[in-house]
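The structure appears right after this line, and notes come after that.
Small disclaimer: the values here were computed from a predicted structure and weren't measured.
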Amino acid sequence: MQPGGSPHLRLVAAATAAYAAAVALTAAPTVTAGGSSTPSPSFVASSAAALGSFLVPGSSFTVVATNSSSCGTSIALVYTGAQFATSYCGSPIVSTTFGTDTFPGEGNFFPTLVDSAVCNSGTLASIATSGTSLNLSGTLTGSSTSCSGLTWSLNLSVSPTEASELQFTATVSGPAGPARVIFTLASNSSEAFYGAGEQYTNFNLKGQSVPIVTTEQGIGRGLQPLSGIVNLAQKGAAGTSVTTYSAVPQFVSSALYAFFLRDFTAFANFDFSNSAYTVVRANLAAVKGSFIRGSSYLDIVKKYTAYSGRMQPVAEWTGNGIVLGIEGGYANINSGLSKVLAAGVPVSAIWVQDWCGQRNASYLGTSIQRLWWNWEYDRVLYPNWPQFVANLSSQQNIKTLVYVNPFLADVSTKATGFQVNYYSQAAAAGYLIKNSSGLPYLSTGSGFSVGLIDFTNPAAVSWLQSLIKTNVFDTGAAGYMADFGEYAPVTNAQLFSGADPAVYHNQYPDDWIATSQALTASYPDSLIFHRSSSAKSPGKLRQLWLGDQLTTFDNNDGLQSAITAMLTAGFSGLGSTHSDVGGYTIFTAFSAISIVTRSADLLNRWMEFGAFSPVFRSHPGLISSDLQIYSTAALLAVLKQTAGIFAALQPYRRAVLAALAETGAPYARPMVMQFPDDKALAGITWQQFMLGDALLVAVAATSGASSVAVVLPVAHAQWTELWTGKTWAGGATVTAAATAGKPPMFVPSPRTDGGLLDGLFKFVAASTA
């Protein structure tokens with residue numbers, strides 16, 4: 001058969017077209033009758049008194065309003081004499097549109113921006129001081145009659161605790177009730193934007209339109225043909241390059257300022273796609289927020305995390321060795337654990353995802369194991385579970401972690417039986433989110449029907465905490481993966497608090513985190529790690545994990561994307577994250593089109609990445625019969641080596657995590673964050689990064705790599721590579737060998753770690769002797 005007539009190629013083409021259509025639905029705003037959301041140059045001061053330089057009371061901030069023949073009136077924000085942000089030429093700094101944005105879906109949300117009337121012309125009527133604030137106000141107009149009688153205001157004041165933070169309240173009002181506040185800020189083609197939560201594919205967000213909505217990140221995220229196939233099966237399920245579990249209404253600009261919306265959970269969209277301007281769309285008619293001016297990225301992050309909170313260090317025992325993901329009953333656990341221990345691998349804990357029992361399922365033709373989401377141990381798969389957990393701890397000093405999420409499944413049909421049907425209890429007590437008819441809202445996005453805990457009900461929160469205490473901690477487990485948080489419905493739903501579900505959606509992950517983390521007061525040595533988060537989650541979190549990647553190398557949804565997410569998250573205060581070593585999402589179907597399974601090469605490189613993470617934890621994968629990190633002697637050798645690196649890093653890691661808790665500086669830092677003035681490092685993303693400020697690492701995250709190119713920062717005159725002891729000048733680009741289990745590591749010469757890396761140097765010396 002000729003290639004052009006191949007059913008394989010025809011299906012690939014169809015899948016690719018389907019993915020492209022889904023991306024268009026997900027990313028592009030829908031503009032209905034009424035005009036375009038593109039700024040139009042019509043903004044003027046209606047009074048000469050509104051022009052000039054105005055001091056924000058009690059601060060070093062000034063607002064400068066000027067006129068020009070080409071742009072009308074422009075508004076600039078200035079700190080200590082230096083301008084850092086300005087309105088776009090001819091556009092009001094605050095404007096509005098009418099229309100109800102939609103983001104339908106279940107777990108996978110794909111927003112559509114609806115502008116039925118655009119009101120982006122107007123006047124600057126006044127700039128005046130009132131008490132401790134400087135108030136800007138004016139009118140808004142547009143081609144639609146809905147724009148009649150609209151006014152806008154922007155009230156500015158300095159933060160009472162940070163001199164370089166300019167707080168604002170922006171409001172639009174009028175008889176027709178505008179739908180949202182829109183900020184339009186000038187930009188340029190060289191300006192870079194970072195943050196907006198965890199970003200898996202795009203390190204620099206310039207050129208992207210980023211929906212601020214918590215969602216499943218997607219399966220494939222553009223990797224073809226898999227993404228097209230996934231979207232054919234379930235609209236939008238492939239995600240896009242900007243879908244994320246942790247969406248934060250915030251950005252950090254290379255102009256050295258941050259912008260964020262304060263105490264804001266409604267839908268927003270941060271549009272960096274135009275080279276000349278940036279548009280922030282916030283779906284409330286009154287919003288609060290801040291601009292932060294900083295001297296460096298680390299300075300900005302320090303100031304921003306004073307608002308978001310700062311992640312606290314994980315329990316010290318987690319640094320003793322790998323958290324081994326393993327499941328399938330005692331025989332399989334004991335067999336795999338014995339192999340790992342016999343190979344001399346340090347193990348701090350096992351993570352048993354299926355402690356609550358397995359249920360068989362199918363996705364896209366692949367048979368997979370799902371769990372019974374009824375948070376008690378399965379008496380058939382794991383009889384005498386508390387005794388097993390206790391023996392493992394007392395005899396081998398290995399802790400046990402389990403799995404919990406905020407869903408509950410009706411287990412009345414569970415073949416292996418149950419002690420308590422928690423779904424029935426929760427439904428009867430009114431602890432689940434309800435649909436518009438007052439019945440439990442049943443989510444089917446997971447592949448089966450489940451109810452979702454209503455965290456706006458204090459009694460539901462207490463009930464779930466008691467359940468977790470009894471069935472997790474009282475049975476001896478030391479913590480759990482706290483999965484999901486993205487599925488709170490936005491339509492056809494009722495919350496106990498009466499809150500608008502669409503406004504509450506982005507708050508749900510934070511309430512799940514608060515519910516879990518409150519337990520750490522009673523169990524301070526526990527490890528609870530979440531998948532999704534919100535703007536103010538860092539102050540409640542000890543550990544975030546990066547979610548469900550494919551078992552591939554790529555930057556769409558593979559290993560490279562996990563490294564990228566770890567580095568981008570730090571700009572939003574999420575400075576301590578780890579990934580599923582080995583990846584999660586595996587497909588064995590569609591053999592003629594797309595096979596996504598693990599390779600030894602991938603596992604080796606993911607173990608290297610795990611060694612440099614705050615927590616080194618493996619995952620058995622969606623299909624636990626696939627290749628594991630202990631499946632062969634060669635893999636075990638790399639596991640021993642990388643777990644040894646991880647353990648040797650413990651003194652340094654504890655110091656860096658303590659600094660994160662104190663200053664917000666991420667554990668793993670992008671090169672541009674640590675060395676912002678080094679232009680040679682600006683475009684480097686997953687290829688290399690800093691752990692703290694004294695160790696540079698590079699993971700060979702490409703298939704078949706035997707070496708990597710490492711760019712050494714000019715900030716230090718010399719750098720030494722640990723495995724060879726060779727020294728190079730700062731500014732050099734070095735080709736470093738990347739033998740499996742020996743990822744390239746560099747330190748400044750002379751060293752700057754104060755001896756905290758001595759253990760790592762000793763381990764390397766012993767490994768190369």
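In this structure the side chain of Ser526 reaches within 4.5 angstrom of the side chain of Phe473, judged on heavy atoms. At a threshold of 4.5 Å between non-hydrogen side-chain atoms, the residues Gln217 and Asp557 count as touching. Within the 4.5 Å cutoff, the side chain of Leu574 has heavy atoms near those of the Leu544 side chain. In this structure, the side chains of Leu452 and Phe407 come closer than 4.5 Å at one or more pairs of heavy atoms. Put simply, the side chain of Leu408 does not reach to within 4.5 Å of the side chain of Val450, judged on heavy atoms. Taking 4.5 Å as the limit, every side-chain heavy atom of Tyr431 sits out of range of all side-chain heavy atoms of Asp454. Taking 4.5 Å as the limit, some side-chain heavy atom of Gln199 sits within range of a side-chain heavy atom of Thr244.
Here the straight-line distance linking atom CG of Asp500 with atom OG1 of Thr491 works out to 10.5 Å at 0.5 Å rounding.
Using cut-offs of 30° and 60° on the angle between ring planes, the pair Trp375 and Tyr403 is tilted.
For His578 and Phe609, the gap between ring centers reaches or exceeds 6.0 Å. Between Tyr584 and Trp545, the ring centre distance reaches or exceeds 6.0 Å. The six-membered or imidazole ring of Phe110 lies away from that of Phe103, with a centre-to-centre distance of 6.0 Å or more. With ring centers used as reference points, Tyr194 lies 6.0 Å or more from Phe251. For Tyr377 and Tyr382, the ring centers sit 6.0 Å or farther from each other. Taking the six-membered ring where the residue is Trp, the centroids of Tyr480 and Phe529 are separated by 6.0 Å or more.
Remark: the backbone N or O of Asn204 is not paired with any side-chain donor or acceptor of Asn202 at under 3.5 angstrom. Distance alone, capped at 3.5 Å, places no donor-acceptor pair between the Thr564 side chain and the Phe203 backbone. Using a distance-only test at 3.5 Å, with no hydrogens or angles considered, no donor-acceptor pair links the side chain of Glu486 to the main chain of Thr215. Put simply, the side chain of Ser227 gets close to the backbone of Leu223: a donor and an acceptor are under 3.5 Å apart. Proximity of a side-chain donor or acceptor of Asn506 to a complementary backbone N or O of Ile212 within less than 3.5 Å is detected. Between the side chain of Trp372 and the main chain of Asp378, no donor-acceptor pair closer than 3.5 Å is present. Of the possible donor and acceptor atoms, one in the side chain of Glu376 sits under 3.5 Å from a partner among the backbone N and O of Val420.
With sequence neighbours left out, Ser436 forms a side-chain hydrogen bond (donor to acceptor under 3.5 Å, both in side chains) with Asn492. With sequence neighbours left out, Thr413 forms a side-chain hydrogen bond (donor to acceptor under 3.5 Å, both in side chains) with no residue at all.
Salt-bridge check for Asp271 with Arg281: failed, with every basic side-chain N at 4.0 Å or more from each acidic carboxylate O. Salt-bridge formation is detected for the pair Asp548/Arg531: a Lys NZ or Arg NE/NH1/NH2 atom is positioned less than 4.0 Å from an Asp or Glu carboxylate oxygen. By the 4.0 Å N-to-carboxylate-O rule, Asp510 lies too far from Lys536 to be salt-bridged with it.
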Exercise. Output, in order, the C-alpha distance, side-chain angles, deciding distance and verdict of side chain to side chain donor-acceptor pair (under 3.5 Å) for Asn269 and Ser209.
Key: CA-CA 7 Å; Asn269 194 78; Ser209 183; 2.9 Å; yes
Practice problem: Show your reasoning for whether side chain to side chain donor-acceptor pair (under 3.5 Å) applies to Thr243 and Arg221. | Solution: CA-CA 8 Å; Thr243 46; Arg221 297 167 52 84; 3.1 Å; yes
Practice problem: Just do the side-chain contact (heavy atoms from CB on, under 4.5 Å) check on Thr265 and His505 with the steps written out, would you? | Solution: CA-CA 7 Å; Thr265 62; His505 173 82; over 6 Å; no
For residues 619-626, dump all side-chain donor-acceptor pairs below 3.5 Å to protein atoms at least two apart in sequence or in another chain.
unit_1, atom_1, unit_2, atom_2, d
His619, ND1, Gly621, N, 2.8
Asp626, OD2, Arg598, N, 3.0

